Amino acid sequence: MAGPIYIADDQGAVRAVQLDGLTALFHAPSGMTHLVAPPAPQILDALRQGPADARTLLARISAVYEIEEGSAEAIEARLDELEAAGLVRRA
Amino acid sequence: MGDVMSEQSSKEGVLANPTRRTVLALGAAAASTVVTIRPALAQTVGSVMNCEIPVPGPEHSGQYIAADGSLVAPGTPGSFAPPARPITGEEAKTLLRGGLTPNGMDSQSAQAYANYIRRLQSGMSGFTCYASLQLPR
Amino acid sequence: MRHALNVAIGPVAFRVGSPWKAPVAALAGLYADYPAPADAVCDFTVRLEPEKPWRRWLRPSVAIHGDYMLPDAAPLSLAHGLLAAEMGMNLQMALGQKRFLLLHAATVERGGRAVILTGESGAGKSTLAALLGERGWRLMGDEFALLDCESGLLHPFPRAISLKNGSIAVMRKVAGEGRFGPVLEGTPKGTIRHLKPRADAVARMTEPARPALILFPRFGSERAMRPVGQSEVFVRLTQASTNYVALALRGFEALSHLVGACPAVAIDYPDTDTAISLVEELFRELPQ
Amino acid sequence: MSRLLARILAEPAAARALNPDQWTPLVTAARAESLLGSLAFRLEGEPGLPRKVADILEDARRDSEQARTQALWEAEMARRALAATGVPMILLKGTAIVAAGLDAGRGRSIGDLDILVPRDRLDDVQRALLQAGWEWVKADAYDDLYYRRWMHELPPLIHRSRDRMIDVHHTILPPTARPTPDSAALIRASIALENGHRTLSPEDMVVHSAAHLFADGDLAGGLRNLWDIDRMLREFTARDPGFWPRLAERARLHQLRPAVARALRLARSLYATPVDPALAGRRRLSDLFFEARLLARNGWGQPTRRALRFAFYLRSHWMRMPPLMLARHLWTKATR
């Protein structure tokens, strides 16, 4: 069964600066700054290709990166965090 | 300044130009990957005010403080009378770290006061002072 | 307000008023060499007034009010009116400053390049900056560094240095009695005495400098230094800033630029001489 | 000083005649009345301002842009939190004004998020907000009971990570107040904005502002609220010639015609607002007291006219509660 579908703000809404290992994001709609660690930036990028549920996202990400087994739960946990921060929303 | 910014910005995004087959750890379900910067006053508070926390606040004056920091009717068994004067910012800092008990308080009531302070929420007397004592979240 | 003083400190002008004469007179003494605000317009107003009307005469206590105020601020005794004025001005900066990114940091400058000293209160940055200010550096400020979001330059905020307890004697050895304000005993922070910055620091208070080095000094341990990574510097500076969030994108850009442009080092020191030699050494090693 | 502030707001060109030493008191009074942002937008582009004044006003404009971003973001987060419940969420007060892009929102300071929802959906709303990270601002049992029994809103909630408060209203005046606005009509007439939010209809927004100003409080911050009314009246009447009769009709429906009439008279007096004379009615002696209360602020930002302020404070309690209840309320507050 498919989980909830998530949407990310487009690239223009977010300014990103790399700071050794972490990414500082300025999110214009909220005026808030978030420091995010991998895999959060990768998830946001994958989600910008179009709305998706956790399973689709996992597929998009594993097309590019080597990832461990059984990662759907971890992706969902990351999406929950990103949703709480307002960086992604449910469709 | 604009130049440096555009060099640093990940304009292309991470996926557009990835290192093929880089290992990406998705992390444990419980780990956190987002830290949000909050407004801060903590470091400057000593410079901007002489801060104190009334226990309890004037809106609840007369009530006693239970060991868990909640407010109860005066004389409730196991509860403590309020301190004679407000707790200063410095004392609160010491109390919250479980350090020495300020003068004129016994350790059990000090513990109850510390718990009261921990339960303060925005809008209550003393909250700004308490919030300012917090380490960065 | 019966008594009032307008004073400019760096790019910021204050109006301080009180129904009592003493706090305003003390402040006027300390800031006698500072210019009056340009255009006769002040950025911020501070009121040092009785909390309740009868408190003007009966056990007088000074409440710190003004354009910006905080709940939970307790009044000070009238004898500590000068400290109340200092806190009142700091409070306006902390809550009301929206032009510059405000960092809770001391700043010193040499050859147009500035060193930012920041860290928790009590780390000794104020005393260290004051000492550097007597040893060939220009003191730009002991409390707040003002980062211009457009130019990336630091503006001075050379208010009178607020010395606490032991550091009063340290500074008394290197600065003449004439530069000190009255001794304020028994304040919530202990004994306090204000030191006027050197004349050149006041004369050059509108002259900005380019940030070159960020230091996180810590007093009390063996001499040590440790480079600090960019993300740690970024987060620590957001926590040292009272207006980072309020400045939104301008703050983000200014701070990320600062963090990208300046090396950052945490330094531990057992005594001030060691601290000064560490600062000199790190400053010499900077690329020209 | 507040009178000068009101005058410059109404007629920005008058700022050219100010002496240099009038500016600091003006800025201080404007800050104390939460009107500095509005003043800054009114004086934008005004020639001949002292350099320092121009800087202060520029900072104020930028600051209010940030306040606007934060307010709209909080509304968006509430909208997301309530989306699954299907409850219509209507923005009120400052957030509604900026969400609708009204003139009154230019430079406006905004505090808590205020929303209006149908009374019979309060439980769903409460549940959804608590689940999305809002928490009760701790209140003891008495306060809680007080809110639930007598107030027009839930006890305030605060978001645990964003530290912003939300007030959830089910009507626009306490049920104990003498006028009883028709909350079902408010909700029925509400309008959808392009950005996905809802606000009250223009007429109801003015009625709500007037109710908030004169029927629900001690007039603290009243100069700013009256400025909202001035801006809205000018904008709504310019857009739509049929506005005045509909405003009159809505004011009658919500039993708030006297409050609306007084708002019109005071706006005309302080901000030179063009108003419908029939709806505004004849000037009353008591208008002078309201005017004096609204202007009770000096150039040091200090409140003045202590006795008058206290009288209005008592009035605010008197209006909200029947006498017996007021006595009980004050007794409980005094004895605990």
Side-chain angles (χ1 to χ4, degrees), chain C residues 1-8 11-19 35-53 63-69 88 92-93 95-102 146 148-150 155 206 243-252, chain D residues 1 15 18-37 39-40 43 48-73 107 109-110 161-164 297-304 306-307 309-310:
Chain C
M1 289 287 171
R2 300 260 308 268
H3 306 277
L5 174 73
N6 290 0
V7 62
V12 186
F14 297 91
R15 174 175 64 148
V16 182
S18 177
D39 304 331
V41 181
C42 295
D43 296 84
F44 300 116
T45 291
V46 175
R47 308 195 306 264
L48 305 175
E49 57 193 2
E51 189 131 55
K52 295 279 186 290
I64 302 168
H65 293 159
D67 288 340
Y68 297 88
M69 297 191 247
Q92 305 314 308
M93 291 295 280
L95 299 181
Q97 176 54 247
K98 301 291 161 67
R99 172 144 294 245
F100 303 102
L101 180 70
L102 183 139
L146 305 176
D148 188 311
C149 296
E150 276 70 44
H155 286 261
T206 57
N243 67 356
Y244 170 76
V245 172
L247 293 193
L249 181 60
R250 290 169 70 232
F252 177 80
Chain D
M1 190 46 62
L18 291 182
N19 299 322
D21 54 7
Q22 281 178 293
W23 278 106
T24 307
L26 180 66
V27 165
T28 297
R31 277 198 181 115
E33 295 292 347
S34 301
L35 275 165
L36 186 63
L39 181 70
L43 291 175
L49 299 179
R51 170 72 197 279
K52 186 61 142 180
V53 172
D55 284 354
I56 291 171
L57 298 179
E58 188 189 10
D59 292 349
R61 283 191 293 270
R62 278 198 292 240
D63 203 33
S64 56
E65 286 303 314
Q66 165 69 359
R68 184 176 163 278
T69 301
Q70 285 191 341
L72 291 178
W73 179 249
S109 64
I110 304 166
S161 61
R162 292 190 304 277
D163 292 334
R164 302 273 297 195
R297 176 88 58 190
N298 67 20
W300 281 89
Q302 293 166 304
T304 56
R306 218 170 241 292
R309 281 175 179 268
F310 186 64

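In this text, all values refer to a predicted model and were calculated from it rather than measured experimentally.
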Query raised in the report: Strictly by modelled atom types, are C:Arg15 and D:Thr28 linked by a side-chain donor-acceptor pair under 3.5 Å?
Result: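 Indeed, the side chains of C:Arg15 and D:Thr28 share at least one donor-acceptor pair under 3.5 Å.
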
With a 4.5 Å cut-off on heavy-atom pairs, point out which of [options] contacts chain C the most.
{"options": "D:Gln70, D:Gln302, D:Glu65", "answer": "D:Gln302"}
{"options": "D:Val27, D:Leu36, D:Asp63", "answer": "D:Asp63"}
{"options": "D:Thr24, D:Asn298, D:Ile56, D:Thr69", "answer": "D:Thr24"}

Proximity breakdown for [X] and chain C, heavy-atom pairs closer than 4.5 Å:
{"X": "D:Asp55", "value": "both"}
{"X": "D:Arg51", "value": "both"}
{"X": "D:Gln22", "value": "neither"}

Could you have a look at [options] and say which one has the most heavy-atom pairs with chain D under 4.5 angstrom?
{"options": "C:Met1, C:His65, C:Glu49", "answer": "C:Met1"}
{"options": "C:Leu249, C:Asn6, C:Thr45", "answer": "C:Thr45"}
{"options": "C:Ala13, C:Ala40, C:Ala246", "answer": "C:Ala246"}

**Report entry** C:Thr206: side chain to side chain donor-acceptor pair (under 3.5 Å) partners, not counting sequence neighbours
**Finding:**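 For C:Thr206, no residue satisfies side chain to side chain donor-acceptor pair (under 3.5 Å) once neighbours in sequence are set aside.
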
Query - Side chain, backbone, both or neither of C:Pro37 within contact of chain D (heavy atoms, under 4.5 Å) - result: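 For C:Pro37, neither part sits under 4.5 Å from chain D.
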
Query raised in the report: Between D:Trp300 and C:Arg47, what is the shortest heavy-atom contact and its length?
Result: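 Looks like O-NH1, 2.9 Å.
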
**Report entry** side chain to side chain contact (heavy atoms under 4.5 Å, CB included) partner of C:Gln92, chosen from C:Val16, C:Val46, C:Ile64
**Finding:**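 The residue from C:Val16, C:Val46, C:Ile64 that satisfies side chain to side chain contact (heavy atoms under 4.5 Å, CB included) with C:Gln92 turns out to be C:Val46.
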
Query raised in the report: Would you call the rings of C:Tyr68 and C:Phe44 parallel, tilted or perpendicular, where under 30° means parallel and over 60° means perpendicular?
Result: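 Plane angle over 60°, so perpendicular.
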
Requested in this report: Output yes when D:Glu58 and D:Arg62 qualify as a salt bridge under the 4.0 Å nitrogen-oxygen rule, no when they do not.
Outcome: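 Yes, D:Glu58 and D:Arg62 are salt-bridged.
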
Query raised in the report: Hey, is the main chain of D:Pro50 close enough, under 3.5 Å, to the side chain of C:Asp39 for a donor-acceptor pair?
Result: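 Between the backbone of D:Pro50 and the side chain of C:Asp39 there is no qualifying donor-acceptor contact (under 3.5 Å).
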
